[in-house]
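Remarks on the structure that follows.
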Amino acid sequence: MGGKFSVEKKKITVTVITWNLGNECPTSNFPFMGKENDSDIYAFGCQEAVYKARDGFLDGEQDFFISTHREIGEEKYEMIECQSLTPRTDKTYKSEEDFVRAVRAGKARPSGIRLVVFCKKSLLAEGWSPEDVEVNLQTCGRLGGVSGNKGGVCISFRLGFTWVSFISGHFNAHTHELERRVQDYGNVFGGLHPVSDDYGDATHYESVVTDWKRNIEVNNRSHVLYAFGDFNFRLEPQLPLGLEMEHEDQCEEVLAAVELRQWRDLAAVDQLLREQAKGRVFHGYVEKSPGHPTWAPTFKLNKKPGENPLSYNLKRCPSWCDRVLYRTVEGGKTECIKYSSHPEYQPNTSDHIPVSAQFELEVVRAQAKTVGASVAGMFRNKSDAKSRALILAHLVYEPDETFLAEAFEDEENTTLADAQLLVQCYHTKVAERGNTEPIPYNASGVRWSGQSIRMSAKGSISDFAKHPLIVCVRNTQSMEHKSHRFGETMVDLRELCASSDKDCGKGTFRKELLQRGTTRGFLSGTFEFEHFH
């Protein structure tokens with residue numbers, strides 16, 4: 001059997017749920033909205049889930065994870081992974097130094113930001129088992145950002161060739177704290193790192209983690225990403241010319257629009273959509289058409305027993321705090337089928353309404369082209385275990401001017417004129433990363449003329465294609481995050497590898513470079529895939 005392979009595609013269903021529990025246990029079992037859809041995968045993210053455990057549980061964390069599994073059906077679903085953001089502050093920690101000492105001594109507690117993912121056992125029986133499962137987290141709360149009262153948790157895995165990530169977060173509150181929310185987005189989506197670190201500081205983890213995957217942002221190495229949580233972006237009606245409106249008038253305007261179901265008018269004053277349009281948050285992410293919620297605000301509800309579920313506490317302007325967004329890159333395909341809020345599940349214990357989204361996700365895996373040959377047989381075939389090479393050449397970096405203007409503004413010792421840029425390539429099946437030589441930046445961008453990157457690996461061609469090629473542009477003259485990282489991107493290798501046998505497969509690419517969820521520029525070039533002994 002040769003190296004060539006074909007692919008098998010399958011459409012599965014995914015349900016994503018987010019709910020801020022208000023640090024109180026719901027009076028009924030945890031609701032799995034959309035359970036009637038019998039989804040293949042469920043991801044449930046919650047915030048403010050620090051509550052007294054019910055009888056039979058050691059603590060609130062165990063209560064949450066076990067209760068959700070029982071609710072969805074332990075006989076039908078397997079828990080893939082679960083994680084709480086850690087650590088969080090406690091009233092005994094009055095300073096960052098005290099808190100850090102407690103963390104390192106193992107005395108800090110998990111926060112109420114939790115994420116759990118379940119997979120239907122029948123899907124596992126078909127061979128679609130999540131592999132390369134990893135859990136990442138990032139804090140951005142109190143005490144200089146090291147506290148986990150705000151931040152995010154991510155569970156990622158591979159289904160066949162398709163890499164999927166679920167990111168659940170909780171950002172800073174209050175209408176006037178918009179800039180902190182924007183910073184939270186950058187910190188979480190740019191700083192997610194392994195839970196084994198047990199410490200939420202991004203600078204710390206970058207200095208101690210050596211596994212290359214952990215230094216590549218999750219946004220830049222997943223085909224499909226689902227982002228959900230209490231992101232706390234508010235509805236902020238304003239007077240003409242952008243003048244600030246009184247709080248009472250803001251509430252009145254929002255409630256009037258809710259009464260008339262004028263969702264488009266509310267979308268026009270939504271902080272998340274406004275900042276996204278500026279390219280400051282959730283770059284490349286979308287919400288289900290028409291691109292914004294089409295229901296009443298999910299925050300802030302009255303928690304008094306017997307109140308109507310849509311009775312708002314007007315100490316805060318009613319807002320769409322709780323959201324589900326999604327993003328795909330080359331090689332990924334998902335479609336949002338249904339996007340809903342669930343006021344019927346607001347049992348007067350939380351001031352938030354839960355939100356869910358149902359998706360159709362296309363997953364892909366290798367299939368032998370030889371009739372009757374099994375996939376497992378293809379993987380074991382010794383004749384397919386040749387060395388393989390991937391060569392990148394004719395590389396051109398096109399910078400984003402806005403990024404360049406900001407990258408060096410806080411630098412004291414380096415400037416853009418000092419920058420020496422190189423291209424780095426990573427692949428899971430290649431032990432060493434590939435580099436170009438560093439060359440100076442110039443105003444028209446950077447061209448690596450006459451240079452190429454060659455990466456070689458052994459193993460089956462289909463196993464090589466399971467993992468994308470990660471390409472990064474770095475500045476060797478600075479190790480500061482802003483001026484060192486000029487962007488990352490992911491090149492999907494499936495089509496190139498699937499068409500390659502003993503002859504070379506060739507292709508071109510032009511990819512957007514991203515860092516901390518924002519555009520840093522573009523990288524283009526050619527790549528060639530070949531077999532050799």
Side-chain angles (χ1 to χ4, degrees), residues 18-22 33 47-48 150 169-182 184-185 227-278 280-282 285-304 306-325 338-357:
T18 179
W19 193 6
N20 183 316
L21 298 177
M33 292 70 70
Q47 309 81 41
E48 296 187 16
K150 295 293 188 292
H170 191 190
F171 297 169
N172 272 282
H174 307 303
T175 300
H176 65 279
E177 295 285 13
L178 174 61
E179 287 305 313
R180 291 187 66 185
R181 281 188 284 284
V182 173
D184 289 348
Y185 165 76
F228 47 103
D230 176 7
F231 296 128
N232 255 323
F233 288 95
R234 305 304 172 93
L235 296 174
E236 189 180 20
Q238 295 178 328
L239 295 170
L241 303 179
L243 298 176
E244 188 173 339
M245 183 182 288
E246 294 292 333
H247 173 74
E248 293 78 8
D249 295 333
Q250 287 182 327
C251 293
E252 184 177 332
E253 187 160 320
V254 167
L255 292 176
V258 171
E259 183 70 24
L260 297 173
R261 302 178 63 84
Q262 294 173 331
W263 313 128
R264 185 179 298 179
D265 291 347
L266 292 182
V269 298
D270 178 60
Q271 288 181 340
L272 188 154
L273 294 174
R274 186 178 70 203
E275 298 306 306
Q276 187 182 36
K278 296 177 183 177
R280 303 182 72 203
V281 297
F282 293 106
Y285 283 84
V286 296
E287 286 181 281
K288 187 182 186 303
S289 179
H292 57 76
T294 54
W295 57 76
T298 57
F299 174 84
K300 175 177 175 72
L301 284 336
N302 281 313
K303 297 170 66 172
K304 297 178 182 178
E307 291 283 357
N308 183 300
L310 290 183
S311 172
Y312 291 99
N313 181 336
L314 297 183
K315 289 182 179 180
R316 303 285 183 265
C317 184
S319 296
W320 288 323
C321 290
D322 310 275
R323 313 287 275 269
V324 179
L325 301 94
K338 187 178 181 181
Y339 189 26
S340 310
S341 70
H342 300 272
E344 69 274 17
Y345 286 116
Q346 197 274 330
N348 300 306
T349 58
S350 172
D351 52 7
H352 287 255
I353 294 174
V355 170
S356 73

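- Considering all non-hydrogen atoms of both residues, Cys321 and Phe299 come closest at SG-CD2, 3.7 Å.
- Put simply, the side chain of Tyr312 gets close to the backbone of Pro297: a donor and an acceptor are under 3.5 Å apart.
- Relative ring orientation between Trp263 and Trp320 is described as tilted, the plane-to-plane angle lying within the 30° to 60° band.
- Among all heavy-atom pairs drawn from Pro318 and Leu235, the shortest one is O-CD1, 3.4 Å.
- Taking every heavy atom of both residues into account, Gln47 and Asn20 meet most closely at OE1-N, 3.3 Å.
- Minimum interatomic distance between Arg316 and Cys251 (heavy atoms only, all atoms of both residues): O-SG, 4.1 Å.
- Note on Asp351 versus Lys303: no salt bridge recorded, every NZ/NE/NH1/NH2 to OD/OE distance being 4.0 Å or above.
- Residue Phe233 holds its CZ atom at 12.5 Å from CG of Asp322, rounded to the nearest 0.5 Å.
- For the pair His352 and Ser350, the tightest heavy-atom approach, listed with the atom from each and the gap, is N-OG, 3.0 Å.
- Within the structure, salt bridge (Lys or Arg N to Asp or Glu O under 4.0 Å) pairs that include any residue of residues 250-265 do not occur (at least two apart or interchain).
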**Message:** Evaluate Leu273 against His292 for side chain to side chain contact (heavy atoms under 4.5 Å, CB included), listing each step before the verdict.
**Reply:** CA-CA 8 Å; Leu273 294 174; His292 57 76; 3.7 Å; yes
**Asked** Run the side chain to side chain contact (heavy atoms under 4.5 Å, CB included) check on Thr18 and Arg323 step by step: do they pass?
**Response** CA-CA 8 Å; Thr18 179; Arg323 313 287 275 269; over 6 Å; no
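- Smallest separation of non-hydrogen atoms from Tyr339 and Val324: OH-N, 3.0 Å.
- Each of Val269, Leu266, Asp249 was checked for a side chain to side chain contact (heavy atoms under 4.5 Å, CB included) with Val254, and the lone residue meeting it is Leu266.
- Taking the six-membered ring for Trp and the full ring otherwise, the centers of Phe231 and Phe282 sit less than 6.0 Å from each other.
- Here Lys278 pairs with Glu275 under the salt bridge (charged side-chain N to carboxylate O under 4.0 Å, His left out) rule; sequence neighbours left out.
- For the side-chain hydrogen bond (donor to acceptor under 3.5 Å, both in side chains) test, no residue two or more places apart in sequence or in another chain qualifies with Lys288.
- By the side-chain contact (heavy atoms from CB on, under 4.5 Å) test, Ser341 pairs with Trp295, Thr298, Pro343, Ile353, Val355, sequence neighbours left out.
- Looking at heavy atoms from C-beta onward, Leu21 lies out of side-chain contact with Glu48 at the 4.5 angstrom threshold.
- The stretch residues 229-238 participates, sequence neighbours left out, in these salt bridge (Lys or Arg N to Asp or Glu O under 4.0 Å) pairs: Glu236-Arg274.
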Could you list the donor-acceptor pairs under 3.5 angstrom formed by side chains in residues 175-182, with sequence neighbours left out?
from	atom 1	to	atom 2	distance (Å)
Glu179	OE1	Arg280	NH2	2.6
Glu179	OE2	Arg280	NH1	3.1
Glu179	OE2	Arg280	NH2	3.2
Arg180	NH2	Asn172	OD1	3.1
Arg181	NE	Asn232	O	3.2
Arg181	NH1	Asn172	O	3.0
Arg181	NH1	Ala173	O	3.3
Arg181	NH1	His174	O	2.6
Arg181	NH2	His174	O	2.9
Arg181	NH2	Thr175	O	3.1
Arg181	NH2	Gln271	OE1	2.8

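- No side-chain donor-acceptor contact under 3.5 Å links Tyr285 and Gln276.
- Residue-environment remark: CD (Gln238) exceeds the threshold of 12 foreign heavy atoms within 6.0 Å.
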